[in-house]
Amino acid sequence: TSALLPESLRDDFPILQQTVHGERPLVFLDSAASSQRPRQVIDAVTEVYERDYANVHRGIHVLSERASDAYELARGKVQKFLGAKYDHECIFTGGTTASINAVARSWGDANVAAGDEILLNPMEHHSNLVPWFQLAERTDATIKHIPLTDDGRLDLDRLDEVLSERTKILAVTQVSNTLGTVNPIAELAARAHDAGAVILIDAAQSAPHLAIDVQQLDVDFLALSGHKMCGPSGVGVLYGKQDLLDTMPPFMGGGSMIGNVALDGFTSAGLPAKFEAGTPPIAQAIGLGAAVDYLTEIGLDRIAAHEHALMEYAYARLSEIEGLKILGPAPEHRAGLVSFVLDQPHAHDIAQLVDRHGIAVRAGHHCTQPLHDLLGITASTRASFYLYNTPGEVDTLVDAISQIVSMFKPSGRKRRRKPDEA
Ligand code: PMP
């Protein structure tokens with residue numbers, strides 16, 4: 001379809017220009033775990049290290065000024081990317097996990113008490129479950145879950161069973177990293193706010209792929225990771241509404257987050273420094289700024305449409321394979337990934353066998369063990385698409401899996417047809 005991005009875009013990604021296992025062109029279908037990055041991002045990071053690198057906000061020398069300017073420029077890019085009102089609402093962290101933990105510790109410990117409820121759901125990644133379990137343990141709060149529909153969406157008809165004035169926070173992913181489900185964040189935010197709760201969205205799987213506007217969605221907190229959106233590893237963002245961040249105590253203590261320090265105490269700095277203790281991921285944040293530029297220039301809507309077309313194609317072709325079951329909802333409710341199970345072989349074996357064809361997919365529970373338990377499976381295989389993937393790569397995957405399936409057919413290819421078989 002016309003939604004597909006040009007193949008020439010692949011030229012931006014040096015790592016994709018290789019063959020593996022001999023002469024197999026690399027087919028990288030594991031971007032949901034971590035994406036690849038374009039030359040533009042690699043160059044931006046290299047340039048900082050070669051020309052501008054120094055610690056930020058400290059030295060009164062030219063390199064420190066340059067590095068600080070570039071670091072703060074990156075913050076401004078993230079602000080625009082997310083539609084945040086102020087740049088100081090965007091805190092650089094180590095990633096989604098670090099961002100969610102910061103909210104659970106800082107906002108959670110100050111606002112959640114015994115008897116309060118934390119609302120989650122079974123499709124969440126471990127990093128949007130465990131920090132809340134830990135908060136519940138510290139505070140004696142109660143964990144509740146929004147039920148899922150049979151096809152792997154949040155069952156909003158049953159939201160009122162679990163959302164009440166006791167709910168303090170609703171933490172929910174915008175896109176499921178296993179099911180591919182896209183959750184209706186604006187509606188969830190409105191209903192959480194009506195109940196007097198705040199909402200945190202895990203944007204690890206959405207920020208790389210969909211246009212986000214935190215003010216339009218009216219979310220209170222958002223967490224994302226740079227490495228899933230063409231940026232460097234080791235950097236992420238915590239967005240929070242200014243009013244909330246202002247009232248929250250700092251989560252980590254150390255340099256840079258202070259106003260004054262005496263022998264017996266300290267005062268906190270203002271935003272965003274209050275939540276950026278220690279030397280931040282300087283080059284990584286600058287690289288993330290370059291990634292934001294790259295994605296914005298191509299256009300998030302085009303990227304989303306491209307991935308959706310690839311996912312629909314993969315969904316249709318994989319559905320034709322005998323004994324293959326796709327997890328999650330119909331294509332119209334999904335983003336660009338497909339997880340599946342086969343009668344045979346096991347998910348890990350599939351990943352290993354397609355790797356011999358040069359195809360990188362993920363196998364396991366994808367850090368969604370409760371979801372896999374609910375589905376009655378221990379593992380699945382996941383193919384995830386990004387802006388650099390092509391329909392030809394989907395074909396390579398489907399052909400490889402078809403070949404594996406025929407290899408594992410119990411009766412084998414040589415089985416004689418019975419007379420009544422077509
Ligand atoms: N949430 C979701 C939905 C994810 O897919 C991931 C990464 N797999 C995370 C959170 C955690 O991200 P990170 O490991 O970058 O902190």
Side-chain angles (χ1 to χ4, degrees), residues 12 14 37-82 84-99 101-102 105-106 207 223-240 242 245-246 248-297:
D12 292 339
R37 40 213 54 63
R39 173 72 68 201
Q40 289 85 334
V41 170
I42 298 166
D43 286 351
V45 174
T46 305
E47 243 173 66
V48 191
Y49 282 133
E50 288 187 348
R51 204 185 57 198
D52 303 325
Y53 186 82
N55 211 330
V56 291
H57 307 317
R58 283 163 212 228
I60 310 175
H61 58 74
V62 63
L63 290 190
S64 178
E65 272 173 23
R66 276 197 224 145
S68 302
D69 287 350
Y71 182 72
E72 290 306 321
L73 194 67
R75 193 190 309 281
K77 290 174 183 183
V78 170
Q79 175 204 352
K80 242 177 107 189
F81 185 72
L82 294 176
K85 196 165 182 183
Y86 308 109
D87 64 353
H88 57 251
E89 292 177 318
C90 301
I91 314 291
F92 284 121
T93 66
T96 302
T97 304
S99 298
N101 275 276
R105 276 279 173 187
S106 169
L224 64 76
S225 295
H227 68 92
K228 293 185 200 276
M229 49 185 284
C230 294
S233 58
V235 67
V237 174
L238 166 63
Y239 159 82
Q242 175 180 260
L245 293 177
D246 268 341
M248 285 157 53
F251 155 57
M252 277 202 291
S256 300
M257 52 69 71
I258 50 88
N260 268 297
V261 184
L263 282 178
D264 55 357
F266 75 100
T267 58
S268 304
L271 294 175
K274 181 166 83 169
F275 294 107
E276 292 185 356
T279 298
I282 300 165
Q284 293 91 328
I286 293 166
L288 178 56
V292 163
D293 283 343
Y294 184 79
L295 296 175
T296 309
E297 198 166 304

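Computed from a predicted structure; not experimentally measured.
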For Asp52, side-chain hydrogen bond (donor to acceptor under 3.5 Å, both in side chains) partners two or more places apart | Arg66
If you look only at pairs with a residue in residues 282-294, which of them pass as a salt bridge (charged side-chain N to carboxylate O under 4.0 Å, His left out), with sequence neighbours excluded?
-> Lys77-Asp293
Applying side-chain contact (heavy atoms from CB on, under 4.5 Å) to Ala84 and not counting sequence neighbours gives Gln79, Glu89, Cys90, Val214, Tyr239
Tell me, please, which residues at least two apart from Glu65 pass side-chain hydrogen bond (donor to acceptor under 3.5 Å, both in side chains).
-> none
Exercise: identify the closest heavy-atom pair between Val56 and Pro280 | CG2-CG, 3.7 Å
What residues form a side-chain contact (heavy atoms from CB on, under 4.5 Å) with Ala269, not counting sequence neighbours?
-> Ala273
Taking only residues two or more places apart in sequence or in another chain, which ones pass side-chain hydrogen bond (donor to acceptor under 3.5 Å, both in side chains) with Ser256?
-> Arg58
State which residues pass side-chain contact (heavy atoms from CB on, under 4.5 Å) with Ala283; sequence neighbours excluded, sorted by chain then number.
-> Val45, Tyr49
Who pairs with Phe275 by ring-ring contact (aromatic ring centres under 6.0 Å, His included), at least two apart in sequence or on another chain?
-> none
Scan for side chain to side chain donor-acceptor pair (under 3.5 Å) pairs involving residues 264-276, sequence neighbours excluded, and state none if there are none.
-> Tyr71-Glu276, Arg75-Glu276
Closest heavy-atom pair and its distance - Ser68, His57 = OG-N, 2.8 Å
With Asp69, which residues qualify under side-chain hydrogen bond (donor to acceptor under 3.5 Å, both in side chains), at least two apart?
-> none
Any residue meeting side-chain contact (heavy atoms from CB on, under 4.5 Å) with Tyr294, in chain and number order, not counting sequence neighbours = Leu9, Asp12, Phe13, Pro38, Gln40, Ile298, Leu387
For Arg39, all residues meeting salt bridge (charged side-chain N to carboxylate O under 4.0 Å, His left out), sequence neighbours excluded = none
